[in-house]
Novice: 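The structure's right below; bear with me while I get my questions together.
Here, residue 1 is the first one in the sequence, and each next residue gets the next number.
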Amino acid sequence: MKKYLKTMLLTILTLQLTDCAINRFRTIETVEEQVYAQEISKATTSKIGLNLAPNLKQKETVDEDSFATIVSFGDALCHMPVNNAAFDKETGIYDFSSIFKYVEKYFEDATIVIGNCESPMAGAERGYSGYPTFNAPEHLATDLKELGVDIMTTANNHTLDKGFSGLSATLDFLDEADIFHVGTSRTIEEQNTILIKDLNGIKTAFLSYTYGTNGIEIPKDKEFCVNLIDEDLILMQIAQAKEKGAELIIASIHWGVEYQTTENTEQRRLAEFLIQNDVQIILGSHPHVLQPMKMLEVQVEGGKVKEGLVIFSQGNFFSNQRDINTRNTAIFNIEIRKDGKTGKVTVERVTYAPIYMNIKGVGEKDRYELLDLNEIIRSYEANEEIWSKAMYELALREKERCEKLIGKEIK
């Protein structure tokens, strides 16, 4: 019996030597068996050259960092000439996809993509329209989804251009296209539901606010429908985001002065307020031109410093505007990291692709197209004979303009 038991124990222990040493007696029940097990363990360990300490602990799990990339862009503005150019007479469909053909690559590797829906989509029965009260074709939502867009912010000065029904229809069309939205709501319950997405293990909350609605009165029984820049509302929603476990808070803010290429005092004050209250990324819109990108440091109580990324204005994404600086834009690439040990989330790197809204003559094919300025420069200098010298010179000029307006990348 003892000979059999020794053989059995030797087999078990040989199979379990790579397991934690503190568990090496887990299949042995009697005192006699434990004595044999100890003897055999010592002999076997010595024989195969292992040096297992009696109190060897299990190997600790290494907490790895998490990484995510947020791609962001500015105002999607459907002026009537843009709508007309997108209309396909043969199919009867408005197709905006040709606008994006040169910039699609910037959306391919993003963890999440977010932009600003400046033009409501109230439906064809309301009649499509441009400035001053927009109603964009609803197929825009489909084309944005195909581009790779995940979230559109809807709190802006045009959100009530077609009233509450237009606001609601816009959200319905975004839902149908499987695009999330934030900033406007159909119900009070929707306003109180914070949009949170898991970005590769980084729980991220998205908020959105606007300075106003172009003087259009918000219905008194539907004050929930538009998130205005109200500090009490902002603080309440930040608190709600934290209650839901948000580790990163991103706020899209419709603010500033149109066509002004630098932030004003109020933008700066509000940015500092947001950072003080744990918003780490601020994405600005409304001025229709690019404004600086900065890492702001803000002192809080106790002498501590909080830091946040602010892009004061991302400019137009696409539009029919032609004034100086209104055709310059950028696609921003924000890389974030969550420390595996501390759980702290930081902005690690921010780069951008300088883009130009090229507008051709009426009736020309693909009349509106976003040009990738870096690619035009690279291609021309490589003698690929795709772009003309005039287009190359335009790319050099407009890239320089973009860089002056935004500032240096953050690396």
Novice: What I want to find out is whether R337 reaches E348 closely enough, with some N-O distance under 4.0 Å, to be called a salt bridge.
Specialist: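 Salt bridge: yes.
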Novice: Assign the ring pair Y128 / Y94 to parallel, tilted or perpendicular, where the plane angle (0 to 90°) is split at 30° and 60°.
Specialist: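 Answer is perpendicular, since the angle exceeds 60°.
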Novice: Give the ring-plane orientation class for H158 versus Y131, where under 30° counts as parallel, over 60° as perpendicular and anything between as tilted.
Specialist: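 If you compare the ring of H158 with that of Y131, the planes turn out perpendicular.
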Novice: Are any of the side-chain nitrogens in E369 or K360 under 4.0 Å away from the carboxylate oxygens of its partner?
Specialist: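 Yes, E369 and K360 are salt-bridged.
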Novice: Check T170, N116, T184 against T154 for a side-chain hydrogen bond (donor to acceptor under 3.5 Å, both in side chains) and give me the one that passes.
Specialist: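 That would be T184; it is the only one of T170, N116, T184 passing the side-chain hydrogen bond (donor to acceptor under 3.5 Å, both in side chains) with T154.
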Novice: Check the angle between the aromatic planes of Y352 and F332 and answer parallel, tilted or perpendicular using the 30° and 60° thresholds.
Specialist: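 Rings of Y352 and F332: tilted, as their planes differ by 30° to 60°.
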Novice: Enumerate donor-acceptor pairs with a distance under 3.5 Å from any side-chain N or O in residues 288-297 to protein atoms, sequence neighbours excluded.
Specialist:
from, atom 1, to, atom 2, distance (Å)
H288, ND1, N316, OD1, 2.8
H288, NE2, E258, OE2, 3.3
H288, NE2, H286, O, 3.4
Q291, OE1, Q267, NE2, 3.0
Q291, NE2, Q260, O, 2.6
Q291, NE2, T262, O, 3.3
K294, NZ, E263, OE2, 2.6

Novice: Could you tell me if the side chain of K145 sits less than 4.5 Å from the side chain of D150, heavy atoms only?
Specialist: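 Yes, their side chains come closer than 4.5 Å.
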Novice: Do NZ/NE/NH1/NH2 and the carboxylate oxygens of K341 and D65 come within less than 4.0 Å?
Specialist: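 So K341 does not pair with D65 through a salt bridge.
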Novice: With a 4.0 Å cut-off, would you call R378 and E384 a salt bridge?
Specialist: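 Salt bridge between R378 and E384, a charged N being under 4.0 Å from a carboxylate O: yes.
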Novice: Below 4.0 angstrom, N of the basic side chain to O of the carboxylate: do R367 and E364 qualify?
Specialist: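 Salt bridge absent between R367 and E364.
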Novice: Answer yes if the ring centres of F134 and H79 are under 6.0 angstrom apart, and no otherwise.
Specialist: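 Ring centres of H79 and F134 closer than 6.0 Å.
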Novice: Mind checking salt bridge (Lys or Arg N to Asp or Glu O under 4.0 Å) for E108 and listing every partner two or more places apart, or none if nothing turns up?
Specialist: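 Applying salt bridge (Lys or Arg N to Asp or Glu O under 4.0 Å) to E108 gives none.
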Novice: Should R269 and E272 count as an ion pair when the cut-off is N to O under 4.0 Å?
Specialist: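 The answer is no: the pair does not qualify as a salt bridge.
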Novice: Any carboxylate oxygen within less than 4.0 angstrom of a Lys/Arg side-chain nitrogen, looking at E393 and R397?
Specialist: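 Salt bridge: no.
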Novice: Within 45° of the axis and under 6.0 Å from the centre of the six-membered ring of F180, does NZ or CZ of K197 qualify?
Specialist: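 Output yes; distance and angle both within limits.
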Novice: What's the separation between atom OG1 in T329 and atom CZ in F317, rounded to the nearest 0.5 Å?
Specialist: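 Atom-to-atom, T329:OG1 and F317:CZ are 7.0 Å apart.
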Novice: Salt-bridge test for D339 and K344: reply yes if a basic N is under 4.0 Å from a carboxylate O, no otherwise.
Specialist: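 The answer is no: the pair does not qualify as a salt bridge.
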Novice: Can we say D175 and R186 salt-bridge, meaning some charged N sits less than 4.0 Å from an Asp/Glu carboxylate O?
Specialist: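 Salt bridge flag = yes for R186 with D175.
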